[in-house]
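Whatever order the structure lists ligands and atoms in, that order sets their numbers, starting from 1.
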Amino acid sequence: MDIAVPREIKNNEYRVGMTPAGVRELIRAGHRVRVQTGAGEGVGFGDDHYAAAGAELVADAAALFAGAELIVKVKEPQPEEYRRLKPGQVLFTYLHLAPDEAQTKGLLASGCTAIAYETVTDAHGGLPLLAPMSEVAGRMAVQAGAHCLEKAQGGRGVLLGGVPGVPPARVLVLGGGVVGINAARMAMGLGADVTIFDKSLPRLTQLDALYGPAIKTQYSTADAIEAELERADLVIGAVLIPGASAPKLITRDMLNKLPKGAVLVDVAIDQGGCFETSTPTTHQQPTFEVEGVVHYCVANMPGAVARTATLALTNATLPFVLDLANKGWRRALNEDVHLARGLNVHAGKVVYRAVAEAHGLAHEPLERVLAGTN
Ligand SMILES: NC(=O)C1=CN([C@@H]2O[C@H](COP(=O)(O)OP(=O)(O)OC[C@H]3O[C@@H](n4cnc5c(N)ncnc54)[C@H](O)[C@@H]3O)[C@@H](O)[C@H]2O)C=CC1
Ligand SMILES: CC(=O)C(=O)O
Ligand SMILES: [Mg+2]
């Protein structure tokens, strides 16, 4: 199979969809791998590393896309990328379609087969291709939040861990999944006072068993969140309803409960954000202020620690890339229900129900697509 690895073009995105080690595995399995020049440069993988692994280097993105059967990326395709896609091509990357109508329509118009990392599942109810980036983003959320709390960044001038005689900052983590646990661990490690909210009682029980009195847990309701806002310094938004738009847990009206200079880090921004006042930002201009509250809403947080993130992501994606390349997408998905759940768009139809619902589009059942021949 002809596999293409483009250079990412999203703002400040230095991650790459495949390492030279991954290229070597695919070449050994008999595939052709073409990598865009400079694709791994930002994370220390030069063109010479890819060439040594057996890849062909291609300078021009249009030529790279044109000949590809499988395109392996990191970020959702930008408009100039989805305009290049065509029927018969498989795109394997993060998509986050529910909050992104333009991209959804672009992928539908292309006729391609688009498999989203973030909706692939595993046998334990997890999201194995989202998890590595959630680990990174959860840990980073605390670094970013601590920085934003500094006066020069518009924050209220609070040190997360406090000092002897001065209490630590109060950190609320909304959602106790992979992002939430990693954020909570980092915040606890810095000595902050951490409360974690979730709708899942089994998850809260698990967190309580893991961390005991070092962490407080709360069942997530609007009342419970609102009651905590008055004394919060940093709130980290980490909820997810897979494939769907994030629920708005802090509304504009609730912002005045927070102290001036408090910080909201909305990690869930790639699914539309879980604060009503969130809009996506970039690493170049990561924050904005609404009613005296600093908002950090970067939709590709792991891009800032691109080397760690690339290694973590590609460790998880490589087995699936090999499967898609070795078997072809239809057989690979038919033989692996978890990979099949990644299918979001095929031949002009939305196959993932939550995405169809988010945009009021018709939903094509997965079983029909997998049984089909087109
Ligand atoms: N901005 C970025 O760069 C990145 C963003 N993300 C995003 O972070 C979000 C969280 O991802 P994960 O932690 O991997 O998901 P996860 O599925 O592991 O955890 C989500 C948690 O939210 C909980 N939840 C759902 N509704 C809730 C509610 N109303 N109140 C409280 N909790 C609720 C669920 O029970 C679950 O425990 C996703 O939107 C993901 O796409 C992940 C990585 C990078
Ligand atoms: C999960 C995701 O969208 C990211 O790592 O950028
Ligand atoms: Mg994202």
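- Within 6.0 Å of the CD atom in E230, the count of heavy atoms belonging to other residues, nucleotides or ligands does not exceed 12.
- Shown in contact with A299 at under 4.0 Å from a heavy atom are these atoms of ligand 1, numbered in order with element: 1 (N), 2 (C), 3 (O).
- Taking every non-hydrogen atom of D270 and a distance limit under 4.0 Å, the qualifying atoms of ligand 2 come out as 1 (C), 2 (C), 3 (O).
- A salt bridge between E81 and K73 is present, with a side-chain N of the basic residue lying under 4.0 Å from a carboxylate O of the acidic one.
- Note: H96 and Y94 have parallel aromatic rings, judged against thresholds of 30 and 60 degrees for the angle between ring planes.
- Residue S220 places at least one N or O, backbone or side chain, under 3.5 Å from an N or O of ligand 1.
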Query - Residue pair N334, W329: steps toward the side chain to side chain contact (heavy atoms under 4.5 Å, CB included) verdict - result: CA-CA 8 Å; N334 266 307; W329 72 271; over 6 Å; no
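- Neither the backbone nor the side chain of V136 has any atom closer than 4.0 Å to an atom of ligand 2 (non-hydrogen atoms only).
- In this structure, M301 has no heavy atom closer than 4.0 Å to ligand 2.
- Residue N300 touches ligand 1 through its backbone alone, judged by heavy-atom distances below 4.0 Å.
- Using a 4.0 Å cut-off between charged side-chain N and carboxylate O, K260 and E291 make no salt bridge.
- Closest heavy-atom approach to atom 11 (O) of ligand 1 within the set V239, I236, I196, V179: this belongs to V179.
- Atoms of ligand 2 lying under 4.0 Å from any heavy atom of P302, numbered from 1 in the order shown and given with element: 5 (O).
- Remark: R307 is positioned above the aromatic ring of F45, its terminal NZ or CZ atom under 6.0 angstrom from the ring centre and at most 45 degrees off the axis.
- L174 has its side chain out of reach of S220: every pair of non-hydrogen atoms, C-beta onward, lies at least 4.5 Å apart.
- For a threshold of 3.5 Å applied to N or O pairs, the pair formed by M133 and ligand 1 contains no separation below that value.
- At least one N/O-N/O distance between V178 and ligand 1 falls below 3.5 Å.
- Atom numbering of ligand 2 starts at 1 in the shown order; those under 4.0 Å from a heavy atom of L130 are 1 (C).
- Closest to atom 27 (C) of ligand 1 by heavy atom, among K199, K248, M301, is K199.
- Between H96 and ligand 1, no N or O atom pair is found at a separation short of 3.5 Å.
- Counting heavy atoms closer than 4.0 Å to ligand 1, residue L174 contributes nothing at all.
- Counting non-hydrogen atoms of other residues, nucleotides and ligands closer than 6.0 Å to NZ of K327 gives a total above 12.
- Q284 and N11 share a side-chain donor-acceptor pair at under 3.5 Å.
- Taking each of Q271, E118, R15, E76 in turn, the one with a heavy atom nearest to atom 5 (O) of ligand 2 proves to be R15.
- F288 pairs by the ring-ring contact (aromatic ring centres under 6.0 Å, His included) definition with H295, not counting sequence neighbours.
- Remark: the R341 side chain and the T121 side chain contain an N/O donor-acceptor pair separated by less than 3.5 Å.
- Side-chain contact check for E69 and Q89: no donor-acceptor pair (N or O, by modelled atom type) lies under 3.5 Å.
- The aromatic ring centres of F197 and Y219 sit 6.0 Å or more apart.
- The shortest N or O to N or O distance between K75 and ligand 2 is under 3.5 Å.
- Of all the atoms in ligand 1, the ones that sit under 4.0 Å from a non-hydrogen atom of L249 are 29 (N), 30 (N).
- Checked by atom type, the side-chain pair E13/N300 shows a donor-acceptor distance below 3.5 Å.
- Under 4.0 angstrom from ligand 1, the non-hydrogen atoms of D270 all belong to its side chain.
- In L130, the part holding a heavy atom less than 4.0 Å from any atom of ligand 1 is the side chain.
- Annotation: side-chain hydrogen bond (donor to acceptor under 3.5 Å, both in side chains) contacts involving residues 22-33, sequence neighbours excluded, comprise D2-R32, H31-N326, R32-E56.
- When heavy-atom distances to ligand 1 are checked against a 4.0 Å cut-off, S134 comes that close through both its backbone and its side chain.
- Within a 6.0 Å radius of NZ in K105, other residues, nucleotides and ligands contribute 12 heavy atoms or fewer.
- Polar contact check, A268 against ligand 1: no nitrogen or oxygen pair lies under 3.5 Å apart.
- For the residue pair N12 / T282, no side-chain donor-acceptor distance below 3.5 Å is found, with atom types taken as modelled.
- The shell of residues lying under 4.0 angstrom from ligand 2, judged by heavy atoms, excludes A309.
- Where the criterion is an N or O separation shorter than 3.5 Å, residue side chain and backbone included, I269 fails it with respect to ligand 1.
- Nearest-residue assignment for atom 20 (C) of ligand 1 (options T221, L240, I181, I225; heavy-atom criterion): L240.
- For the ligand labelled ligand 1, residue E118 lies outside the 4.0 Å heavy-atom shell.
- Close contacts between ligand 1 and Q271 involve ligand atoms 39 (O) [criterion: under 4.0 Å to a heavy atom].
- Polar contact check, H96 against ligand 2: a nitrogen or oxygen pair lies under 3.5 Å apart.
- Taking a cut-off of under 4.0 Å to the non-hydrogen atoms of G175, the atoms of ligand 1 that pass are 22 (O), 32 (N).
- In the vicinity of A299, heavy-atom distances shorter than 4.0 Å reach the ligand 2 atoms 6 (O).
- At least one donor-acceptor pair closer than 3.5 Å links the side chain of T281 to the backbone N or O of V298.
- Counting only heavy atoms from C-beta outward, the side chains of T221 and I225 never approach each other to under 4.5 Å.
- With a 4.0 Å heavy-atom cut-off, ligand 1 is reached by no atom of A246.
- Note on ligand 1: V298 sits in its first shell, one or more heavy atoms being nearer than 4.0 Å.
- Near G177, the atoms of ligand 1 lying under 4.0 angstrom from a non-hydrogen atom of the residue are 13 (O), 16 (P), 18 (O), 19 (O), 21 (C), 37 (O).
- Those atoms of ligand 2 that come under 4.0 Å of a heavy atom in N300, given as number and element, are 6 (O).
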